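First up is the structure itself, then whatever we jot down about it.
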Amino acid sequence: MREQEIINSMNTALLDGQFIIYIQPKYDLSTKLPAGGEALVRWKLPDGSMNSPGEFIPVFEKNGFITKLDLYVWEEVCIIIRRWLDEGRKVSPISVNISRVDLYNPKLAETLIELTEKYNIPPRLFNLELTESAYIDNPAVISQTIMKLQQEGFVIMMDDFGSGYSSLNFLKDINVDVLKIDMKFLSNTAIPGRGESIIASVVRMAKWLDIPVIAEGVETKRQADFLHSIGCEYCQGYYFAKPMPVQEYEKLMEEENIVDVPDDKEAENKDRNSLWVLNPQLEFLFDSIPQAIAVYEFDGKNIELLRVNKNFEEVLGMETFYFKTNNLLSLCHDDYKEDLYSAFKKIVETQNDAECEYLRRKSDGSWRWIYCKLKYINKVGSERHAIFANLMDITAQKEMDRELRKYKLAAEADKYDKEGKNGTKTVMIVDDSMLGRAVIKDLFTGKYNILEACNGKDAFRVIEENNKKVDLILLDLVMPEMDGKEFLKRKNAIDEMADIPVIVITGENRTEEQIKLLEIGVSDYIIKPFIKEIVKKRVENVLISSSRKKRAGK
Ligand code: C2E
Ligand code: CA
Ligand code: CA
């Protein structure tokens, strides 16, 4: 129909009832159930053919007829909702379109209020879709009108959000209740993946502001899954349902069937590569891997969550998107920020895999231990990097480890305590100098059982006399009859004596000699002239470590 034909026939068409209401359902992405609909006008010509709104709406907006048509549509919708209520149906909200031209009417709010009052319709069932372009024309008046309508209980939806203009300014000034983003504005950008990245940002931003998002123009399962994966709540589009006559919509709402539309293969292929920056293999993995997967964007400072797969929901919940911040670092425990940051830094620098463990907060306030493996995807723009993360909740494992460690430590302390009480340790001093023995004995009297021997041969006799129950030997090297080295050699050859630790007392302070001593199985050495505190400490250390070794060996 040409413009002039449209203009010539519009008034008759309105009187004749050629304009009819179609409704396109909106779906809740988490339940896959219809959750209301949008009223879209159709022009049915007397010959039965349809005129497309894309043709006549712009004409009516130019010549002002749109205000008449809209008023008609709104009233028709009120009549429909009234009938549903009267028939006792469960009624979900229906949204109507408010043209930018309607907003020039200073009585717009009054008109809508009167209309819903006339049909006694709760305003929450009658949602209003406004385009942001309208706001540019007349910001002050529009924000007033919107406020007034919200006070009356109307839900305000921002139609075609992000299609241009100053979306951010709009959000700053006006409290809209719902954002509608149109896939068609975003998926055909020049850089592959850019559109998706913009959608993800819009959804994310909306989350921060606590505004629900409806994505419209959703044509494929792939798009629906993608939207769900970035935290979008509602969807509207041919994939779920086309705009339909009211009767058909009623039937649909009666059935309340969960939609699981079969894949539309052709359409799937069409946007195969446009839906995210992943290559097809990764894309496939993303959806099918039975593990929690996320895509992060890292700009050298913040780690932002862009997308999750289905399993992520089970591990960390979709509520990940409900944090007011989307910087993973700020959800991470202070003690692990450094590790997490380094892992992301490393993967950007090397583009090799990286991994790390960190403790992070969940929205329910709980802390979860996460093990993550990172893979580099690609560069986004000049400074941003897309990174693929495989996440595992290892909290249970970590807790078990900790319990086990606690238990082990407690058992060890307990045992050490008991040993200390029940059996005093026996320390043998082997030195030919009586004075040398006396000085050392003096250090340990009351603390350990002290045995004495004046050379190697004597030492074997004393060990036998005490049924080999010697916990530590302090050994002088230079002695008559059997010197220290010979004693060591023989002692280490006897099974039952080999593991009695030995501390050598030596005047030798050359490093290579000391190393040689350690090599022939000496636990430690004390250099003469000795410092009392050091001797005490070394003896104590060797006793503790040898009792640990014994226990571990059992
Ligand atoms: P809109 O408000 O953005 O409505 C959504 C449009 O996208 C509808 O086109 C709908 O049929 C179409 N659509 C829905 N799902 C898909 C999809 O998956 N793929 C594609 N390609 N399109 C999809 P429709 O009904 O032709 O309306 C076009 C526009 O005309 C509307 O865009 C709206 O701006 C305007 N319009 C329609 N009815 C009214 C009305 O009663 N009053 C006013 N003022 N404007 C209306
Ligand atoms: Ca709309
Ligand atoms: Ca729209």
Side-chain angles (χ1 to χ4, degrees), residues 6 10 13-14 18-27 34 36-44 50-78 80 93-105 108 111-112 126-134 155-165 167 176 178-188 199 202 213-224 226-227 234-246 249 259 261 264 267-268 270-271:
I6 292 174
M10 62 191 189
L14 188 59
Q18 289 176 24
F19 291 107
I20 48 177
I21 309 294
Y22 268 45
I23 298 177
Q24 185 175 31
K26 298 170 184 175
Y27 283 84
E38 175 180 5
L40 292 158
V41 74
R42 294 290 177 264
W43 184 349
K44 200 169 187 179
M50 288 280 208
N51 243 344
S52 146
E55 271 177 62
F56 61 82
I57 297 280
V59 178
F60 295 166
E61 283 187 331
K62 250 200 298 188
N63 68 13
F65 183 73
I66 190 70
T67 56
K68 271 193 189 168
L69 178 61
D70 275 346
L71 189 61
Y72 173 81
V73 170
W74 303 339
E75 182 149 17
E76 285 297 300
V77 170
C78 281
I80 292 163
I94 297 294
S95 61
V96 297
N97 287 284
I98 310 279
S99 159
R100 54 193 288 177
V101 183
D102 295 320
L103 287 155
Y104 287 114
N105 172 7
L108 175 66
T111 306
L112 289 164
F126 193 79
N127 298 171
L128 310 174
E129 295 195 10
L130 274 72
T131 60
E132 72 184 300
S133 60
V155 173
I156 307 293
M157 300 185 170
M158 169 88 300
D159 205 355
D160 304 335
F161 180 77
S163 63
Y165 309 104
S167 312
V176 292
V178 178
L179 289 185
K180 289 188 83 174
I181 51 174
D182 196 320
M183 296 300 280
K184 83 168 172 276
F185 292 124
L186 299 159
S187 44
N188 294 327
I199 294 172
V202 169
V213 175
I214 301 177
E216 57 180 336
V218 178
E219 294 182 346
T220 64
K221 175 168 166 32
R222 184 170 215 86
Q223 286 178 324
F226 169 74
L227 288 160
Y234 302 100
C235 255
Q236 183 184 344
Y238 296 167
Y239 171 66
F240 291 101
K242 291 194 171 175
M244 56 185 78
V246 176
Y249 177 80
V259 262
V261 189
D264 173 353
E268 289 292 313
K270 208 171 63 191
D271 70 348

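Throughout, numbering of the chain's residues begins at 1 and tracks the sequence. Numbering of ligands and ligand atoms starts at 1, following listing order. Fair warning: this is a prediction, and the values are worked out from it, not measured in the lab.
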- [ ] Run through Thr131, Ile156, Leu128 and flag the one making a side chain to side chain contact (heavy atoms under 4.5 Å, CB included) with Ile98.
- [x] Leu128
Shortest protein heavy-atom distance from [atom], along with the residue and atom involved:
atom: atom 38 (N) of ligand 1; answer: Val41 N, 3.2 Å
atom: atom 40 (C) of ligand 1; answer: Asp70 OD1, 3.6 Å
atom: atom 34 (O) of ligand 1; answer: Asn97 OD1, 4.7 Å
atom: atom 31 (C) of ligand 1; answer: Leu40 CD2, 4.3 Å
atom: atom 24 (P) of ligand 1; answer: Pro53 CG, 3.8 Å
atom: atom 16 (C) of ligand 1; answer: Tyr238 CE2, 3.2 Å
atom: atom 21 (N) of ligand 1; answer: Glu219 OE2, 3.1 Å
atom: atom 15 (N) of ligand 1; answer: Gln24 NE2, 2.9 Å

Task: Of the N, O or S atoms in Glu129, the one nearest the Ca ion (ligand 2) - done: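 Minimum-distance N/O/S atom of Glu129 relative to the Ca ion (ligand 2) is OE1.
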[atom2] on [Y] to [atom1] on [X], rounded to 0.5 Å:
X: Arg42; Y: Met50; atom1: CZ; atom2: CE; value: 7.0 Å
X: Ile66; Y: Arg100; atom1: CD1; atom2: CZ; value: 12.0 Å
X: Tyr239; Y: Tyr27; atom1: OH; atom2: OH; value: 10.5 Å
X: Leu130; Y: Leu103; atom1: CG; atom2: CG; value: 5.0 Å

Taking all heavy atoms of [X] and all of [Y], pick out the closest pair and write down the distance.
X: Phe19; Y: Met10; result: CE1-O, 3.9 Å
X: Val96; Y: Ala39; result: CG1-CB, 4.3 Å
X: Gly217; Y: Gln223; result: O-OE1, 3.9 Å
X: Glu61; Y: Val101; result: O-CG2, 3.5 Å
X: Gly37; Y: Ile23; result: CA-CG2, 3.9 Å
X: Leu227; Y: Ala215; result: CD1-CB, 3.5 Å

If we set the cut-off at 4.0 Å for heavy atoms, which region of [X] has an atom near ligand 1: side chain, backbone, both, or neither?
X: Ile57; answer: side chain
X: Asp182; answer: neither
X: Gln236; answer: neither
X: Met183; answer: neither
X: Glu38; answer: side chain

TODO: Check the angle between the aromatic planes of Phe56 and Trp43 and answer parallel, tilted or perpendicular using the 30° and 60° thresholds.
DONE: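 Plane angle over 60°, so perpendicular.
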Does the protein come close to [atom] - that is, does one of its heavy atoms sit below 4.0 Å from that atom?
atom: atom 6 (C) of ligand 1; value: no
atom: atom 29 (C) of ligand 1; value: no
atom: atom 44 (N) of ligand 1; value: yes
atom: atom 9 (O) of ligand 1; value: no

[X]: numbered ligand 1 atoms lying under 4.0 Å from its heavy atoms:
X: Val73; result: 41 (O)
X: Asp160; result: 3 (O)
X: Ile66; result: 44 (N)
X: Glu216; result: 3 (O), 5 (C)
X: Val218; result: 18 (O)

Task: Donor-acceptor side-chain pairing of Asn97 and Glu38 below 3.5 angstrom - done: yes
Task: Residue pair Lys26 / Ser95, side-chain donor-acceptor N/O under 3.5 Å - done: yes
Open item on the list: Below 3.5 Å, N or O to N or O, backbone or side chain included: is there any such pair between Asp159 and ligand 1?
Closed with: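 It does: an N or O of Asp159 is found under 3.5 Å from an N or O of ligand 1.
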TODO: May I ask you to check if Lys242 and Tyr238 form a cation-pi contact, with NZ or CZ under 6.0 angstrom from the six-membered ring centre and within 45° of the axis?
DONE: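 Here Lys242 passes the 6.0 Å and 45° test against Tyr238.
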- [ ] Report the angle formed at the Ca ion (ligand 2) by atom OD2 of Asp159 and atom OE2 of Glu38, rounding to the nearest 10°.
- [x]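 About 180°, to the nearest ten degrees.
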TODO: Please find out if the Ca ion (ligand 3) and some N, O or S atom of Asp160 are separated by less than 3.0 Å.
DONE: yes
Task: N, O or S of Glu216 under 3.0 Å from the Ca ion (ligand 3) - done: yes
Open item on the list: I'd like to know whether ligand 1 has Ser52 as a neighbour, heavy-atom separation below 4.0 Å.
Closed with: no
Open item on the list: Donor-acceptor check, side chain of Asn105 to backbone of Asp102, threshold 3.5 angstrom: yes or no?
Closed with: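 Flag not set: sc Asn105 to bb Asp102 has no pair under 3.5 Å.
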TODO: Look only at the side chain of Gln24 and the backbone of Ala241, and say whether a donor-acceptor pair between them is shorter than 3.5 Å.
DONE: yes
Open item on the list: For a distance under 3.0 Å, tell me if Asn97 has an N/O/S atom near the Ca ion (ligand 2).
Closed with: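 Yes - counting backbone and side chain alike, Asn97 has an N, O or S atom under 3.0 Å.
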